[in-house]
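Please read all numbers here as calculations on a predicted model, not as lab measurements. In what follows, every chain begins at residue 1, and chains take the letters A, B, ... in the order their sequences are listed.
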Amino acid sequence: MRRAALFVCAAAAGLAQAAAAQTLGDAEAGAARFDQCAGCHVIGPDAENGIGPHLNDLFGRPAASVAGFRYSRAFQRAGAKGLEWHADTLSAFLENPRQIVPGTRMSFRGIADAQERADLIAYLRDFSASPADIPEADPTAQPTDHDLDPAILAIQGDPEYGEYLSGECTSCHSREGSDDGIPSIVFWPEDDFVVAMHAYKAGLRKHPVMEMIAGRLNDEEIAALAAYFADPDG
Amino acid sequence: MRFNRRTVLATGAAALTAPMVHAAGHGKPRVVVIGGGAGGATAARYIAKDSDGAIDVTLIEPTRKYYTCFFSNLYIGGFKEIDEIGHTYGKLASDYGINVIHDWAVGIDRDAKTVRLTGGQDIPYDRLVVSPGIDFVEGSVPGWDLSAQNTMPHAYKGGSQTQLLRAQIEAMPEGGRFIMVAPPNPYRCPPGPYERVSMVAWQLSRNNPTAKILVVDPKESFSKQALFEEGWQTHYGGMVERIGPDFGGQNVSVDAAAMTVDVDGSIEEGDVINVIPAMKAGQIAQDAGLTEGNWAPVNPTDMTSKMDENIHVLGDATSQGDMPKSGFSANSQAKVASNAIRGALTDARVFPAKYANTCWSLIAENDGVKVGATYEPTDEKIAKVDGFVSQTGEDAALRKATYEESEGWYAGITSDMFG
Ligand SMILES: Cc1cc2nc3c(=O)[nH]c(=O)nc-3n(C[C@H](O)[C@H](O)[C@H](O)COP(=O)(O)OP(=O)(O)OC[C@H]3O[C@@H](n4cnc5c(N)ncnc54)[C@H](O)[C@@H]3O)c2cc1C
């Protein structure tokens, strides 16, 4: 029983990362990083295919779809299976190309650092259509789950009550903030905590245990937990 | 005891009767709004409505009747009459207590915090909202300037220009040619020129079916392109031709006397020539030093100018990131700014900024399409986070429903602006 619970909690770690506040990359820093790509890829006005395909209008396009470029079988398969280039798929691909498209001819180890990837992606993004000009163009940021009644976000939680309630959380989540297998929930900005819990409560974020736990907490209790975990030592 | 929602609600009534105000050494705090369009009228109304008289709101707008650009293409297509898209400021004055001044703002003294009117009066403000829409970049289409607008209308500001363009199209000789010079990015209403082409085609296919339409375009691609091109093919097969930048669409000049367009050296004659030049923020924003390049940069969380924390710039005049220049966007930005302004001038609570946009376009009778998205402030800009767009090949019932939705939106946004 205990093991099963741990397993589902571990699966939530990825979700927690996805919901963390969006930091956009810095396109200028990304321009410098593009040196690693420039041996094979060209980008910008009049860019043409080289050893690799040109990277203009990359966002929103299916993998292996640039006219006139001869893709590896691996890439053709990935494209046919529906891989499209967006910020998230690019980030996964750039982190470990061979894991996303096994058999790609692109000889690149990958970029481990998330910020470096974000910078590079921000740079690449500048060469695709902007949503200001073409509203349907690919998003430039990930949404935060902010679709919450502002009145709920405005509730001031009672940290003492939160401390009492937190006992239920710390059965799985470390009060010291370790995130081995189970995400840390301490020192979160209060709003993010409230938004995340309400997203579970509404079934917008999926996780059986968290949906169940959040489902029986009322607005004041969630606010109280948020207030407590924002500064558990305070 | 801690403050929770219930105590806030319980004290709400008291707060209403005695609002705390932060005015610098004079009575009520004062907000002045320049421009009574999608951004300005919405901001004036929301600030007046939500502050319940605690803030003095003045709206400066030269015209007595605001003709919306939104749905102006439907007027050109014959689906609307001009009176249906004109709105007055009467209710903003009578129902919301807004001081509406029909005059031009000719200058802003940012140190003295006053707005100068044509007559020389200075109107003082604690916070200023600037939503003047667009003006045109001089020389962007060689041969065209404002003195040519009665021969070659832009019809990209509402009212008389729209009426002129429709009258010209109705008077076109049989089998004549309509030429549009489309604008470069960024410009107000990304699908606007292409909805216009659709509505001109609708009008001509009924009254002048051998007429032709030529679009000369400096842009590689444009919003809802697949949807428009599909629609032009099915409804108006062969009537519409478009020359993009690959064939000289970016190298264009006009001769208003000769009624010709020079497209990369080839001279095209037109019976009606609709020139939509490159755009920039309304002149007053430039004159007040609120712009950088052609547009006024703003902070993504509250639409304050990056040049002046006491000024909020809204709508088409801004550069803010990913939001297209649209009436819907301007209306959405106005609500965020109004909340921030009430927070700064009274004890109103300020909520996190959320923005949205949807643009509907009509391709033919009952053939409506739309594109929409939500946006959030990030450190750098207002960023698109999610969106949708109509698909090619949708069935007629869905397209009709989409058109009906746009009718509902028009009624909604105009009453959101004018009460
Ligand atoms: C053909 C066409 C179709 C469109 N269709 C749509 C659509 O379907 N949906 C949509 O959302 N948007 C549409 N738009 C775009 C929409 O009209 C604009 O984005 C919107 O009006 C911008 O609002 P704004 O407040 O920035 O400017 P405006 O609405 O243009 O308002 C500016 C106001 O400021 C006044 N003003 C300017 N200078 C001064 C000054 N110095 N002193 C005092 N007042 C001043 C002007 O008289 C004007 O009334 C369309 C536009 C066009 C041209």
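Each of B:Pro324, B:Ser223, B:Pro191, B:Pro190 was scored for a side chain to side chain contact (heavy atoms under 4.5 Å, CB included) with A:Glu136, with one residue passing: B:Ser223.
Summarising the geometry, atom CG belonging to B:Asp322 is positioned 12.5 Å from atom CD1 belonging to A:Ile134; distances are rounded to the nearest 0.5 Å. To the nearest 0.5 Å, atom CG of residue A:Asp133 and atom CZ of residue B:Phe222 are 13.5 Å apart. Atoms CG and CG, from B:Asp379 and A:Asp26 in turn, are 11.5 Å apart once rounded to the nearest 0.5 Å. How far CE of B:Met323 is from OG of A:Ser130: 12.5 Å, rounded to the nearest 0.5 Å. From B:Glu380, atom CD reaches atom CG of A:Leu24 across 4.5 Å, with rounding to the nearest 0.5 Å.
When each of B:Gln320, B:Glu220, B:Lys224 is checked for heavy-atom pairs under 4.5 Å with chain A, B:Lys224 comes out on top. Across A:Ala87, A:Ala223, A:Pro131, the residue that shares the most heavy-atom pairs under 4.5 angstrom with chain B is A:Pro131. Looking only at heavy-atom pairs under 4.5 Å with chain A, the residue among B:Val389, B:Val371, B:Ile382 that has the most is B:Val371.
Across A:Pro139 and B:Lys384, no two heavy atoms sit closer than the pair CB-O, 3.4 Å. The two residues B:Ala383 and A:Thr140 come nearest to each other via the heavy atoms CB-OG1, 3.4 Å.
Of the atoms belonging to A:Ala137, it is backbone heavy atoms, and not side-chain ones, that fall under 4.5 Å from chain B. Neither the backbone nor the side chain of B:Ser329 comes within less than 4.5 Å of any heavy atom in chain A.
Counting heavy atoms of neighbouring residues, nucleotides and ligands inside a 6.0 Å radius, atom CD of A:Glu160 does not exceed 12 of them. Counting non-hydrogen atoms of neighbouring residues, nucleotides and ligands closer than 6.0 angstrom, the CG atom of A:Asp46 reaches no more than 12 such neighbours. Residue A:Phe187 qualifies as enclosed at atom CZ: its count of foreign heavy atoms under 6.0 Å is above 12. Within a 6.0 Å sphere centred on CZ of B:Phe388, heavy atoms belonging to other residues, nucleotides or ligands number more than 12. No more than 12 heavy atoms of other residues, nucleotides or ligands shown are found within 6.0 angstrom of CD on A:Glu48. By the 6.0 Å contact criterion, CD on B:Glu292 is open, its count of non-hydrogen atoms from other residues, nucleotides or ligands being 12 or less.
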